[in-house]
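Provided herewith is a single structure, encoded as structure tokens, for subsequent inquiry.
Quick caveat, the model's predicted, so the values are computed rather than measured.
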Amino acid sequence: MASTTTLKPTAERFQELSESLSEIQERVYRASSASSKCTLVAVSKYKPASDIIACYERGQRDFGENYVNELVEKAQQLPDDVRWHFIGAFQSNKSKTLATIPNIYAIQTVTSAKAATALDKALPSERSTPLNILLQVNTSGEDAKSGLSPPAFTDPSCDSELVQLARHIITSCPRLHFQGLMTIGSLSESLASAEKPNEDFETLKRTRDILHEVLKQDSELVGKWGVDGKLVLSMGMSSDFEAALKAGSDIVRVGTGIFGARHRKGEV
């Protein structure tokens, strides 16, 4: 890890990020249920390590990245107690690279047994804690979105692809911990979420409920999934995280709301 002194943002940028982060944290607090604790993941893709340091110095520890190489580069520069969440498209050929990051905390976008198995095999034996895994669900049914299909709610089957994958991770991937479900909803639902219930959030909740009932019926799986006996939900981004929290989300992923508009590397 590089010295954080060399990664200091300018005073102006530090102030800007401090104010943005504080505002988002306050909004998260207000929208969260009094009985639940929400995790705010600051999505830092395309942003320099100095921006992350500014948020880190204000107490933020959970950060999300979409691209493997960018995550590896930043993890080498930043403190070891950062909790890295990978939230980009995940394929099995990325497993070995992600597994080299000692403080990778969660992969939120697993969609296949092949990818889960590859990741389980790639993780070093000396890793002290299992890697948290969320399955990505395509709640909107859009072709452009990755993710598993939700089970048929009229006839929830124990043989659905989603249920099979959850069981595979729990029973066959000892270095992974199946934590819950994640979705990236449709833009139209996101924009309308202040006026009506977000159907993508509702779909993920119903999917969670079905999967929870299936898993809890298997006594051999007790205590081997979720957090405190419940499946975690990761839903909600900058434009709709408050609606997601009110709908029961446990993790929200906020990038633009904290860091501002993004530019790809090389863009001005």
**Q.** Exam field: side chain R253 to backbone M237, donor-acceptor pair closer than 3.5 Å
**A.**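 It does not hold such a pair.
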
Q: Would you check, one step at a time, whether the test side-chain contact (heavy atoms from CB on, under 4.5 Å) holds for M235 with L181?
A: CA-CA 9 Å; M235 56 188 192; L181 306 174; over 6 Å; no

Q. Where do A261 and T256 come nearest, in terms of heavy atoms and distance?
A.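 For A261 versus T256, the nearest heavy atoms are N-CG2, 4.0 Å.
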
Q. A89 and K94: which non-hydrogen atoms are nearest, and at how many Å?
A.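 That closest heavy-atom pairing would be O-NZ, 2.7 Å.
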
Q: Give a yes or no answer on whether the side chain of H212 reaches the backbone of G229 with a donor-acceptor pair at less than 3.5 Å.
A: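 Side chain of H212 to backbone of G229: a pair is present.
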
**Q.** Heavy-atom side-chain proximity of N66 to V43 below 4.5 angstrom
**A.**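 Yes, close enough: below the 4.5 Å cut-off.
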
Q: Supply the atom-to-atom distance L204 CG to L231 CG, rounded to the nearest 0.5 angstrom.
A: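 Going from CG on L204 over to CG on L231, the span is 10.0 Å.
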
(Q) Quick test of your reading of the model: are R30 and E26 salt-bridged, counting only N-O distances below 4.0 Å? (A)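 Between E26 and R30 there is a salt bridge, with a charged N closer than 4.0 Å to a carboxylate O.
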
**Q.** Lys/Arg-Asp/Glu bridge criterion (N-O < 4.0 Å) met for D250, K37
**A.**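 Looking at K37 together with D250, the answer is no, because their closest N to O distance does not fall below 4.0 Å.
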
Q: Mind checking the CG-OG spacing from D51 to S44? Nearest 0.5 Å is all I need.
A: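 Taking CG in D51 and OG in S44, the distance rounds to 8.5 Å.
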
Q: Mark yes or no for whether K145, through its side chain, and S140, through its backbone, hold a donor-acceptor pair below 3.5 Å.
A: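 Here the side-chain-to-backbone pair does not exist.
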
Q. Would the number of heavy atoms belonging to other residues, nucleotides or ligands and lying under 6.0 Å from CG of N93 be above 12?
A.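 Above 12, so yes.
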
Q: Name all residues meeting the side-chain contact (heavy atoms from CB on, under 4.5 Å) criterion together with K121; count only those two or more places apart in sequence or in a different chain, and write none if there are none.
A: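 Per chain and number, K121 pairs via side-chain contact (heavy atoms from CB on, under 4.5 Å) with T117.
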
**Q.** Under 3.5 Å donor-acceptor, K45 side chain and G255 backbone
**A.**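 Not a single qualifying donor-acceptor pair exists.
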
**Q.** Within 6.0 Å of CD in E199, more than 12 heavy atoms from elsewhere
**A.**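 It does: E199 CD has more than 12 such atoms within range.
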
Q | Single-linkage hydrophobic cluster, 4.5 Å side-chain cutoff, L21 and V252 together | A |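 Per the 4.5 Å side-chain linkage, L21 and V252 are co-clustered.
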
Q. Would you call F90 and T111 a side-chain contact if the rule is heavy atoms closer than 4.5 Å?
A.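 When only atoms from C-beta onward are counted, T111 and F90 do not touch, as no gap falls below 4.5 Å.
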
(Q) Other residues, nucleotides and ligands only: do more than 12 of their heavy atoms fall within 6.0 Å of NZ on K246? (A)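 Open: at most 12 neighbouring heavy atoms sit under 6.0 Å from NZ of K246.
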
Q) Looking at CD of E142 and CG of L187, how far apart are the two atoms once the value is rounded to the nearest 0.5 Å? A)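 Here the rounded value is 8.5 Å.
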
Q) Should L40 and Q60 count as side-chain neighbours, where that means a heavy-atom distance under 4.5 Å? A)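 They are in contact (side-chain heavy atoms under 4.5 Å apart), so the answer is yes.
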
Q: Please confirm whether the backbone N or O of R13 pairs with a side-chain atom of T10, one donor and one acceptor, at under 3.5 Å?
A: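 Confirmed, T10 side chain pairs with R13 backbone.
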
Q.
Pairing donors with acceptors under 3.5 angstrom, does anything connect the side chains of T183 and T139?
A.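 The criterion, which ignores hydrogens and geometry beyond distance, is satisfied for T139 and T183.
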
Q.
How long is the straight-line distance from CG of L71 back to OG1 of T97, given to the nearest 0.5 Å?
A.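 So the OG1 of T97 and the CG of L71 are separated by 10.0 Å.
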
Q. Considering only heavy atoms from C-beta outward, does the side chain of R206 approach that of P150 to under 4.5 Å?
A.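 Not touching, per the 4.5 Å side-chain cut-off.
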
Q) Quick one: do V28 and L17 end up in the same hydrophobic cluster if we chain Ile, Leu, Val, Met, Phe, Trp and Tyr together by side-chain heavy atoms under 4.5 Å apart? A)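 Shared cluster, yes.
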
**Q.** Same apolar cluster: V72 and I104, side chain cutoff 4.5 Å
**A.**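 Yes, same cluster.
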
Q. Which pair of heavy atoms, one from S95 and one from A118, lies closest together, and at what distance?
A.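 In terms of heavy atoms, the two residues are closest at OG-CB, 3.5 Å.
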
Q: Please round to the nearest 0.5 Å and tell me the distance separating atom CG of N103 and atom CZ of R61.
A: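 One gets 11.5 Å once the value is rounded to the nearest 0.5 Å.
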
Q | Side-chain heavy-atom pair W84, L78 within 4.5 angstrom cut-off | A |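 A side-chain contact under 4.5 Å exists here.
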
Q: With R83 as the cation and F63 as the aromatic partner, state whether NZ or CZ is under 6.0 Å from the six-membered ring centre and within 45° of the axis.
A: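 R83 over F63 ring: no.
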
Q: Give a yes or no answer on whether the side chain of N132 reaches the backbone of Q179 with a donor-acceptor pair at less than 3.5 Å.
A: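 Absent.
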
(Q) Do Q217 and E213 pair up side chain to side chain, a donor and an acceptor below 3.5 Å, judged on atom types alone? (A)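 On atom types as modelled, these side chains do not qualify, holding no pair under 3.5 Å.
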
**Q.** K8/E57 ion pair, N-O < 4.0 Å
**A.**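 Salt bridge present between K8 and E57.
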
Q. Taking all non-hydrogen atoms of both residues, which atom of D240 and which atom of S190 are closest, and how far apart?
A.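 D240 and S190 have their closest heavy atoms at OD2-OG, 3.1 Å.
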
Q) Given side chains that start at C-beta, do those of Y67 and E73 come closer than 4.5 Å, heavy atoms only? A)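 Not in contact.
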
**Q.** Contact summary for I53 and P9, nearest pair of heavy atoms
**A.**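 Heavy atoms only, the tightest pair is CG2-CD, 4.5 Å.
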
Q.
Can you pull out every ring pair (Phe, Tyr, Trp, His ring centres under 6.0 Å) where at least one residue sits in residues 160-209? Sequence neighbours excluded, please.
A.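 For residues 160-209: none.
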
(Q) I'd like to know if the side chain of T109 and the backbone of G88 have a donor-acceptor N/O pair within less than 3.5 Å. (A)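 A pair under 3.5 Å: yes.
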
Q: Give a yes or no on whether a salt bridge exists between R27 and E23, defined as a side-chain N under 4.0 angstrom from a carboxylate O.
A: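 Looking at R27 and E23, the cut-off is met.
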
Q | Intermediate values then yes/no, side-chain contact (heavy atoms from CB on, under 4.5 Å), I87 and E65 | A | CA-CA 6 Å; I87 57 174; E65 289 287 340; over 6 Å; no

Q: Please step through ring-ring contact (aromatic ring centres under 6.0 Å, His included) for the pair Y46 and F259, ending with a clear verdict.
A: CA-CA 10 Å; Y46 298 143; F259 295 102; over 10 Å; no

Q) Backbone N or O of E220 within a donor-acceptor pair of the K224 side chain at under 3.5 Å? A)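 Looks like yes, one N/O pair under 3.5 Å.
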
Q. Looking at side-chain heavy atoms only, is the closest gap between K74 and L7 below 4.5 Å?
A.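 Heavy-atom side-chain distance check fails, nothing below 4.5 Å.
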
Q: Any chance you could measure K230, atom NZ, to K216, atom NZ, to the nearest 0.5 Å?
A: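 If we round to the nearest 0.5 Å, K230:NZ and K216:NZ are 14.0 Å apart.
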
(Q) Between C55 and I258, is the side-chain contact (heavy atoms from CB on, under 4.5 Å) condition met? List the steps. (A) CA-CA 9 Å; C55 294; I258 296 171; 4.0 Å; yes

Q. Can you check side-chain contact (heavy atoms from CB on, under 4.5 Å) on L176 and L119, steps first, answer last?
A. CA-CA 8 Å; L176 307 182; L119 188 57; 4.1 Å; yes

Q: Please check if the distance between the ring centroids of F86 and Y105 is under 6.0 Å.
A: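 Ring-ring flag for F86/Y105: false, centres at least 6.0 Å apart.
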
Q) For S146, which residues count as a side-chain contact (heavy atoms from CB on, under 4.5 Å) partner, sequence neighbours excluded? A)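 With neighbours one apart ignored, the set is Q136.
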
Q.
Show the nearest heavy-atom pair for residues S18 and R58, with the distance to one decimal.
A.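 Of all heavy-atom pairs spanning S18 and R58, the closest is CB-NH1, 2.9 Å.
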
Q.
Measuring only between side-chain heavy atoms, which start at C-beta, is I251 closer than 4.5 Å to L233?
A.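 Sidechains of L233 and I251: no contact.
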
Q: Could you tell me whether a side-chain N or O of S32 sits under 3.5 Å from a main-chain N or O of C38, the two making a donor and an acceptor?
A: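 Absent.
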
Q. Between D120 (side chain) and R175 (backbone), is there a donor-acceptor pair under 3.5 Å?
A.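 Confirmed, D120 side chain pairs with R175 backbone.
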
Q. In terms of hydrophobic clusters joined by side-chain contacts under 4.5 Å, are L135 and V232 together?
A.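 Result: no, two separate clusters.
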
